[in-house]
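Structure record follows, encoded as structure tokens.
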Amino acid sequence: MMVTGDFSEIMEFSNDKKKHIMKSLALLSKYLGCYDRWQDYKNRYQLKWTVSRDSLASFQIMTNLDNEFSNMVD
């Protein structure tokens, strides 16, 4: 992928696998000294780092401490 520049294969994978592939490619490109090329490919194919849950759900989990504590005690 880094040699050919064809990242269309990544689009076929699930979001979790895509995130692992992107992390691996980012680390590999840093090691090989071609991180700027990786950034170009990432932008060209509009690859985004996905988050497993949205920000509203994360906020609700963080602010709902009383309910979680009572469930844990029960």
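In this structure, Gln46 CD and Met11 CE are separated by 7.5 Å, a value rounded to the nearest 0.5 Å. To the nearest 0.5 Å, atoms CG (Leu25) and CG (Leu32) are separated by 10.0 Å. Between the OH atom in Tyr41 and the CD1 atom in Ile10 there is a gap of 11.5 Å [rounded to 0.5 Å]. Rounding to the nearest 0.5 Å gives a distance of 11.5 Å between CG of Asp40 and SG of Cys34. For the atom pair CZ of Phe13 and NE2 of His20, the computed distance is 12.5 Å after rounding to the nearest 0.5 Å.
In the model, Ser8 has a side-chain atom that pairs as donor or acceptor with a side-chain atom of Asp6 under 3.5 Å.
If you chain together hydrophobic residues whose side chains sit under 4.5 Å apart, Leu27 and Leu47 never meet in one group.
In this structure Lys30 satisfies the side chain to side chain contact (heavy atoms under 4.5 Å, CB included) test together with Tyr35, sequence neighbours excluded.
Closest non-hydrogen pair, Lys42 versus Met22, comes out as CD-CE, 4.1 Å.
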